[in-house]
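Below is one structure; the comments refer to it alone.
Here the structure is a predicted model, which is why all the values come from computation and not from measurement.
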Amino acid sequence: MSTNSNICKLMADGSVKSIYCHWDGYIEHNGRILNQYYRDPQKVEQLLSLGDISVLGEKVNASEAVEKYGFSYYFNAKFQELSEEEQERLDKESREHVIAYHRDRGERLQVKTYLDLEDFIMSEHEFQEFVYIMLPKNGADLCSTNSKDWKWFVWYDTGIHAVGDLDLFPLEENLSNLPKL
């Protein structure tokens with residue numbers, strides 16, 4: 001069974017962009033990967049530009065196997081002609097990469113855009129089990145490209161919490177510090 005999630009970011013114009021992720025949305029996987037490998041807001045925007053994804057990986061680009069042999073590389077005749085060691089290497093390397101529905105499977109590009117943070121929060125009925133959103137830290141400029149100015153939050157059963165460094169605490173305590181939209 002999959003654990004679905006949304007991955008979102010508050011953009012420089014005050015809107016919120018959001019994509020769907022089908023697999024491994026729980027904090028121990030997607031939360032850890034986002035917090036460890038997606039601290040740079042520009043890399044997050046690159047991720048969001050891919051549209052909905054099947055699985056989140058540490059690397060945004062397509063894996064070597066997907067680039068050479070397609071999304072279903074394991075069933076590709078040329079892939080099967082490779083040595084077992086090469087197949088294992090490519091398969092292992094593929095697990096580090098994002099698999100995007102549009103880029104890797106040729107499906108329709110889907111990115112949801114909310115007018116602002118309020119519109120985003122009011123649309124909670126559209127959300128998955130875990131919703132990750134990158135927000136600026138206390139008073140940081142929405143245009144900042146400095147990763148130190150941004151922080152990941154997760155919204156799930158118990159409310160909205162900070163993901164960064166596993167220091168989970170309610171976001172409501174810090175809402176007054178968010179930029180005015």
Using modelled atom types only, decide if a donor and an acceptor are shared between the side chain of Trp150 and the backbone of Ser144 within a distance under 3.5 Å. yes
How close do Pro136 and Leu142 get, counting heavy atoms only, and between which atoms? CG-CD2, 3.7 Å
With respect to Tyr132, which candidate in Tyr38, Trp152, Tyr156 satisfies the side-chain contact (heavy atoms from CB on, under 4.5 Å) definition? Trp152
Result of checking Asp52, Leu56, Leu109, Asn6 against Ile19 for side-chain contact (heavy atoms from CB on, under 4.5 Å): Asp52
Working for ring pair (Phe, Tyr, Trp, His ring centres under 6.0 Å), residues Phe79 and Tyr74: CA-CA 6 Å; Phe79 179 84; Tyr74 211 78; 5.6 Å; yes
Side chain to side chain, His97 and Val66, heavy atoms closer than 4.5 Å: no
Under 3.5 Å, side chain of Lys9 to main-chain N/O of Pro41, donor-acceptor pair present? no
Do Lys78 and Glu81 meet the salt-bridge criterion of a basic N to acidic O distance under 4.0 Å? no
Are Phe71 and Leu90 joined in one hydrophobic group, where the rule is that I, L, V, M, F, W and Y side chains link up if heavy atoms are under 4.5 Å apart? no
Can you hop from Ile99 to Tyr73 via hydrophobic side chains spaced under 4.5 Å? no
How long is the gap from CZ on Arg103 to CG on Leu50, to the nearest 0.5 Å? 5.0 Å
Ignoring hydrogens, what is the shortest heavy-atom contact between Cys8 and Val131? Give both atom names and the distance. SG-CG1, 4.0 Å
Quick check: is Ile121 connected to Leu115 through a chain of hydrophobic side chains (ILVMFWY, heavy atoms under 4.5 Å apart)? no
Could you tell me the separation between the NZ atom of Lys148 and the CZ atom of Arg39, rounded to the nearest 0.5 Å? 10.5 Å
Of all the heavy-atom pairs spanning Val98 and Gly57, show the shortest one and how long it is. CG2-N, 3.6 Å
So Leu34 and Val154, do their side chains get closer than 4.5 Å, heavy atoms only? no
Answer yes if Tyr101 and Leu48 sit in the same cluster of Ile, Leu, Val, Met, Phe, Trp and Tyr residues linked by side chain heavy atoms under 4.5 Å apart, and no otherwise. no
Side-chain heavy-atom pair Tyr20, Gln128 within 4.5 angstrom cut-off: yes
Full working for side-chain hydrogen bond (donor to acceptor under 3.5 Å, both in side chains) between Asn4 and Ser2: CA-CA 6 Å; Asn4 310 144; Ser2 62; 3.1 Å; yes
Let me confirm one number: the CG-CD distance from Asp104 to Glu67, rounded to the nearest 0.5 Å. 8.5 Å
Step through the shown structure and confirm whether more than 12 heavy atoms of other residues, nucleotides or ligands are within 6.0 Å of NZ on Lys17. no
Check for a donor-acceptor pair, side chain of Ser123 on one end and backbone N or O of Asp119 on the other, with a separation under 3.5 Å. yes
Atom pair CD1 (Ile27) and CZ (Phe130), whose distance is rounded to the nearest 0.5 Å: 5.5 Å
Rounded to the nearest 0.5 Å, what separation is found between the SG atom of Cys21 and the CD atom of Glu129? 11.5 Å
Are the side chains of Ile7 and Ile53 in touch, meaning some heavy atoms are under 4.5 Å apart? yes
Any chance you could lay out the side chain to side chain contact (heavy atoms under 4.5 Å, CB included) test for Asp141 and Asp149, step after step, and finish with the verdict? CA-CA 8 Å; Asp141 186 348; Asp149 289 339; over 6 Å; no
Are the side chains of Tyr114 and Met122 in touch, meaning some heavy atoms are under 4.5 Å apart? no
Would the number of heavy atoms belonging to other residues, nucleotides or ligands and lying under 6.0 Å from NZ of Lys92 be above 12? no
Verify salt bridge (charged side-chain N to carboxylate O under 4.0 Å, His left out) between Glu64 and Arg89, making sure each step is shown before the conclusion. CA-CA 10 Å; Glu64 183 181 348; Arg89 181 192 72 78; 3.2 Å; yes
Can you tell me how far CD of Glu58 sits from CZ of Arg32, rounded to the nearest 0.5 angstrom? 6.5 Å
